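These notes are about the structure you will find just below.
Computed from a predicted structure; not experimentally measured. What you see below is based on every heavy atom in this structure, not just the backbone, and it leaves out hydrogens, waters and symmetry mates. Along the sequence shown, the residues carry numbers beginning at 1.
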Amino acid sequence: MTTDRVEPAGLGGECEREPDPSDSLRTFGAVVQALREHAGLSRVEFGELVRFSKHTVESVELGRRMPDASFVERAEAALGNTGALRRAACFLTRGEAGLAAWFRQWARLERRAVSLCTYECRLVPGLLQGEAYVRAVFDNSVPPLSDQQLEAQVNARLERQRMLTERPNVPFSFIVEEHVFRRPLGGTEVMRGLLEHVLELTAPRNVTLQIMPIGAEMHGCLDGPLQLLETPEHRRLAYSEGQQNGRLISGPNDVSLLCQRYDTLRSQALNPQDSRGLLERLRGEL
């Protein structure tokens, strides 16, 4: 079996979690490098002055890492206190704010996909989450997010959801475990709003939702969450995500296997009409 990981991520290296460079990060990094070199400092020497590693200095200069406030202040002091770095830092943005580094390539592929399938056993899939539920999800982040980080995450997720309404000719298929809808994440009002939101989003004919019942005795996808898509070139790709990592899978043998698992799960889950009825009953119980 061969696996072609197009974008491995989160597998042990700090650099794998760094953001894709944005123009502002590259520009800021170039200024830091120019000032450092003008001062006659190597990256090691500069790192000692700002109390950051040579690797961190290099990542900032190459636009791969968002510098924190202490880096900016110490760099200012070490490079002449001109105020240039402090002012430039106010305009820094990540390449794609609010999206985990390991998810970005898949998010770009999603926007071009001609079909998208999602199996989820942890949370309601991101494309179906209501805003209050999204906030409840990120409120539970460990360690806690800052207000700015939380808003970036919420905005990125809501922006991604526009696919469902803007692409009516693309079939979206979702299979979700029943227990996900029974977990009162965020409280009763959040869950009631979520169920109404999901019922509304899955009403169009191009969006189908099937629920895998708790009492099912057979299960074709016990290895965890799974996403599948087909590109405009009719190539099938898969995405699998875990704790602090995700991987895009393009090897034909692996993708074929995952498609088989998804198709099996489809046959085992409740049909769309019965799934909708279950959600309506759950809403009524709240």
Of the non-hydrogen atoms in Val170 and Asn206, which two are nearest, and what is the gap between them?
O-ND2, 2.9 Å
Could you grab the distance from atom CZ of Phe172 to atom CG of Leu128, nearest 0.5 Å is fine?
10.0 Å
Point-to-point distance, once rounded to the nearest 0.5 Å, from CG of Leu226 to SG of Cys117:
8.5 Å
Looking at every heavy atom in both Val72 and Leu85, which two are closest together, and how far apart are they?
CG1-O, 3.9 Å
Note: Leu229 and Ala113 closest approach over all heavy atoms is CB-CB, 4.0 Å
If you measure from CD1 on Ile175 to CE on Met212, what distance do you get to the nearest 0.5 Å?
8.5 Å
Would you check if the side chain of Ser256 reaches a backbone N or O of Pro252 as a donor-acceptor pair within less than 3.5 Å?
no
Taking all heavy atoms of Ala78 and all of Val50, pick out the closest pair and write down the distance.
CB-CG1, 4.4 Å
Hey, is CD on Glu233 packed in by over 12 heavy atoms from elsewhere, all under 6.0 Å?
yes
Within-4.5 Å side-chain heavy-atom neighbours: Arg43 and Gln33
yes
Separation between CD1 of Ile211 and CG of Leu282, rounded to the nearest 0.5 Å:
7.0 Å
Using a 3.5 Å distance criterion without hydrogens, assess whether the side chain of Glu178 forms a donor-acceptor pair with backbone atoms of Ile214.
yes
Are Leu194 and Leu286 in one and the same hydrophobic cluster, where Ile, Leu, Val, Met, Phe, Trp and Tyr link if side-chain heavy atoms are under 4.5 Å apart?
yes
Mind listing the closest non-hydrogen atom pair of Tyr133 and Val124 along with its distance?
OH-N, 3.3 Å
Tightest non-hydrogen contact, residues His179 and Cys121, listed as CE1-O, 3.0 Å
Return yes if some donor-acceptor pair links the side-chain N/O of Ser275 with the main-chain N/O of Leu270 below 3.5 Å, else return no.
yes
Plane angle bin for Phe71 and Phe46 - parallel if under 30°, tilted between 30 and 60°, otherwise perpendicular
perpendicular
Could you tell me the separation between the CD atom of Gln268 and the CE atom of Met218, rounded to the nearest 0.5 Å?
6.0 Å
Distance col, row Arg236:CZ vs Ser250:OG, nearest 0.5 angstrom, shows 14.5 Å
Is Tyr119 close to Leu228 at the side-chain level, that is, under 4.5 Å between some pair of heavy atoms?
no
Examine the side chains of Gln149 and Gln153 and answer whether a donor and an acceptor come within less than 3.5 Å of each other.
no
Start with the C-alpha distance between Arg87 and Glu76, add both sets of side-chain angles, then the distance that settles salt bridge (charged side-chain N to carboxylate O under 4.0 Å, His left out), and finish with yes or no.
CA-CA 10 Å; Arg87 286 194 292 271; Glu76 274 284 3; over 6 Å; no
Can you get from Leu199 to Leu185 by hopping between Ile, Leu, Val, Met, Phe, Trp and Tyr side chains that sit under 4.5 Å apart?
yes
Answer yes or no: is there a donor N or O on one side and an acceptor on the other, between the side chain of Glu177 and the main chain of Arg122, under 3.5 Å?
no
Cationic N near anionic O, under 4.0 Å, Glu151 to Arg135
yes
Side chains of Gln129 and Gln161: closer than 4.5 Å at any heavy-atom pair?
yes
Going by the side chain to side chain contact (heavy atoms under 4.5 Å, CB included) test, name the single residue among Pro225, Ser173, Pro125 that passes it with Thr118.
Pro125
Greater than 12 external heavy atoms within 6.0 Å of Gln273's CD
no
Check whether His38 reaches the backbone of Leu79 with its side chain - one donor and one acceptor, N or O, closer than 3.5 Å.
no
Taking the side chain from Arg26 and the backbone from Gly63, do they hold a donor-acceptor pair closer than 3.5 Å?
no
